[in-house]
Each structure stands twice: as structure tokens, then as C-alpha cells.
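Just dropping this structure here.
Just so we're on the same page: letters track the sequence lines, and every chain starts at 1. The basis for the numbers below is simple: all heavy atoms, side chains too, and nothing from hydrogens, waters or symmetry mates.
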Amino acid sequence: MRALLEYMAHELVDTPEAVEIKERVGRHTITYELHVAPDETGKVIGRSGRVAKAIRDLMAVAAARQGKRVHIDIE
Amino acid sequence: MKSIEISARTVAEAIRLALAQLGKDRDEVAIEVLESGSEAEEALVRVTVVDDDEEPAQPERPQRTRQPLPEDVDVTARRTLEELLERMDIEAYVTAVRSTVPDQRGDPEETITLHVEGADEEAMSLLIGRRGETLRSVQFMVNLIVSRKVQKWPQVVVDVGNYRQRRQESLEGLARRMAERVRQSGRPLMLEPMGAFERRVVHLALRSDPSVYTESSGEGENRKVVIFPAKGAN
């Protein structure tokens with residue numbers, strides 16, 4: 001799951017080395033905190049949150065494959 | 001130019017057979033899907049060997065208003081989707097098919113369709129999501145990543161097990177039934193909000209119908225098609 005988030009984040013920004021992902025594992029839900037370079041948050045959020053929605057939808061599929069739920073925080 | 005038509009249970013299977021028969025690689029041929037296949041019907045593809053030494057067989061090429069996409073975009077698009085699927089834990093076979101379809105104004109527009117086929121029905125329906133919403137997100141993500149790689153916005157369509165074709169057929173049916181209603185009442189009719197792909201299907205389905213015309217109205221998630229009676233029809 002983390003690999004998917006990492007792949008998308010790296011592909012969407014100009015400075016992949018600034019991408020940072022924190023993981024918190026709950027009983028049913030895994031929460032990922034995604035950090036990118038401050039001037040690049042727009043690239044992972046998009047106009048009216050379209051990119052963020054796509055990231056969440058794809059992550060939800062990856063989570064469902066493992067019988068889990070996932071929550072993505074974009075900082 | 002050598003060209004063969006092959007039918008098989010799935011598009012991917014037909015392409016595999018055709019390539020084996022021709023002894024060619026995927027990048028040496030042009031692939032056209034004639035029938036995408038369904039449970040009742042076999043898929044049919046035409047595979048043509050692209051030979052650089054020969055003149056292209058088409059005498060007249062359609063006028064292009066846009067620059068054609070570079071050759072390797074289909075490979076980039078296919079790889080991008082494969083990378084995503086792999087990390088989603090979904091095993092599937094992806095085939096890229098390039099085609100030219102008219103856009104809303106009827107100008108030719110080059111499209112790359114990525115056909116996804118997998119044996120795991122549950123995984124395939126997860127990928128489609130409710131009303132195709134997840135599929136739209138997958139498609140958006142592929143377009144986004146590919147556009148960053150090729151520095152232009154490609155028209156990449158992602159289809160899973162012919163979901164889009166089935167959806168397209170049912171939308172065309174809906175469009176025609178609603179147009180009939182507009183003809184009878186003489187009043188405009190607003191359809192429910194739809195994504196760009198769905199709206200395009202409706203516009204195209206009614207483009208050749210002289211008794212009605214269509215427009216999109218509303219913003220973003222709320223954008224919908226309105227069917228109007230043709231001016232002077234009443």
C-alpha cells in the first residue's frame with residue numbers, strides 16, 4: 001500500500017526527494033501522512049481536490065485488497 | 001502491408017495469437033479492435049504490420065487539427081498503469097490500443113485505450129467502483145502521470161473488461177430515449193450529472209439527430225447534458 005502512495009507521490013512532484021510518508025496503523029484503519037515540498041502541495045491536491053481524490057480512490061482499492069481501510073492526510 | 005484478423009475469447013488473447021502468427025512484436029504492428037468481445041461474443045482484432053519501407057495504405061489521411069501523439073506514448077501509458085496495478089495488488093493484463101475518434105466538434109482526436117483484463121472478478125469490480133468512479137480516478141491518475149512524462153495532455157482511456165463499452169451502449173440508448181421525449185414534448189430535458197466521458201458519449205450519440213441539439217451546463221461535478229428541441233421544430 002505504501003509502495004503505491006510512494007509511486008504516485010514521486011511521479012506527481014518535481015522534487016521526489018522531498019516526499020515523506022508517515023504511517024500509523026490502527027485496528028481497522030491505516031493512516032498515511034503525506035508530506036511533499038511546501039510549494040508542491042498543489043500537485044498532489046489538484047484543482048478542487050481532484051488529484052487528492054484520485055490518490056484516495058486508488059489507495060482505497062489497494063487497502064480493500066488487504067481487507068483494510070486507509071486514510072490519507074495530505075499536509 | 002500485411003494484415004490479419006483474429007478472434008479469441010479476449011482482446012489480449014486475440015492480440016497474442018495474432019502477434020505469434022505474424023512473428024512480430026507489439027511495437028511493430030498497428031492494432032485495431034473490431035469487436036471488444038463479451039460473454040456471448042468473441043473479441044475480434046485486426047493486426048497490421050507496420051512497415052516503414054512501404055507507403056501507408058491509406059490514400060487520404062483525415063485532417064488533423066492537433067499534433068499526433070508521439071509513438072511511445074502508448075508504451076508509457078501502459079507501463080504507468082501496470083506500475084499502479086502492481087502496487088494495488090491487482091494482477092491483470094494491459095493492452096494499449098491507439099485509435100482516432102471524433103471529439104465534440106467532430107474533429108479527429110487521437111486516443112489511447114488501455115484495456116485491462118484480469119481473471120479476478122472481485123479485483124476488476126473494485127477497479128471499476130460504484131458507477132465507474134474508481135475507474136475514472138485510475139484514468140485521471142494515468143493521464144496525469146503520463147502528461148508529466150511526455151509534456152502534453154494525452155487522451156488516455158482506461159477500460160476494464162469492456163465496462164466502458166457496455167456503459168457507452170447503455171448511455172446511447174438513454175440519449176436516444178430522452179431525445180424522443182424532447183421531440184414529443186417540445187421542451188428541453190436535463191440529464192443527471194455526468195463525467196466528461198459520459199457527456200461526450202451523449203453529445204456524439206445525438207449529433208446526427210436533426211430534431212434535437214445538446215449542450216452541457218453546470219460546473220464541475222454538477223455538469224450535465226441538456227437536450228433541446230431543434231430550433232423551429234415546433
| task | Would you indicate whether the side-chain heavy atoms of A:Asp57 and B:Phe140 approach each other to under 4.5 Å? | result |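 B:Phe140 does not reach A:Asp57 side chain to side chain.
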| message | A quick test of your reading: do over 12 heavy atoms of other residues, nucleotides or ligands sit less than 6.0 Å from CZ of B:Arg223? | response | yes
| Can you tell if the side chain of B:Leu84 reaches within under 4.5 Å of the side chain of A:Met8, non-hydrogen atoms only? | yes
| message | Within this structure, what is the CZ-CE distance for the pair B:Arg87 and A:Met1, rounded to the nearest 0.5 Å? | response | 14.5 Å
| Of all heavy-atom pairs between B:Ser137 and A:Lys53, which one has the smallest distance, and what is that distance? |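 Looking at all heavy atoms of both residues, the shortest contact is OG-NZ, 3.8 Å.
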| remark: Honestly, the part of A:Leu5 sitting under 4.5 Å from a heavy atom of chain B is neither
| task | Output all residues satisfying ring-ring contact (aromatic ring centres under 6.0 Å, His included) with B:Tyr213, sequence neighbours left out; order by chain, then residue number. | result | B:Phe228
| Non-hydrogen atoms of chain A under 4.5 Å away: do they reach the side chain of B:Glu133, the backbone, both or neither? | both
| request: Check step by step if side chain to side chain contact (heavy atoms under 4.5 Å, CB included) holds for B:Asp120 and A:Arg65. | output: CA-CA 11 Å; B:Asp120 186 343; A:Arg65 294 291 288 161; 3.2 Å; yes
| Which one, A:Val61, A:Ile55, A:Leu58, leads in non-hydrogen pairs under 4.5 Å with chain B? |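 Option with the top pair count is A:Leu58.
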| said: Here's a test for you: under side-chain contact (heavy atoms from CB on, under 4.5 Å), which of B:Met141, B:Arg148, B:Lys149 qualifies with A:Glu11? | reply: B:Lys149
| task | Could you look at A:Arg56 and say if it's the side chain, the backbone, both or neither that has a heavy atom under 4.5 Å from chain B? | result | neither
| query | CZ of A:Arg69: more than 12 outside heavy atoms within 6.0 angstrom? | reply | no
| Can you tell me if CD on B:Glu91 sees more than 12 non-hydrogen neighbours from other groups inside 6.0 Å? | no
| note | Between the OH atom in A:Tyr7 and the CD atom in B:Glu86, the distance rounded to the nearest 0.5 Å is 9.5 Å
| Taking atom CD of A:Glu17 as the centre, does the number of heavy atoms from other residues, nucleotides or ligands within less than 6.0 Å exceed 12? |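 Result for CD/A:Glu17: enclosed.
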| Considering only heavy atoms from C-beta outward, does the side chain of B:Ile145 approach that of A:His10 to under 4.5 Å? |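 Counting from C-beta outward, B:Ile145 and A:His10 never come under 4.5 Å.
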| Region of A:Gln66 that comes under 4.5 Å of a non-hydrogen atom in chain B |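 Contact with chain B is through the side chain of A:Gln66 alone.
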| task | Report, as yes or no, whether the 6.0 Å neighbourhood of atom CD on B:Glu122 holds more than 12 heavy atoms from other residues, nucleotides or ligands. | result | no
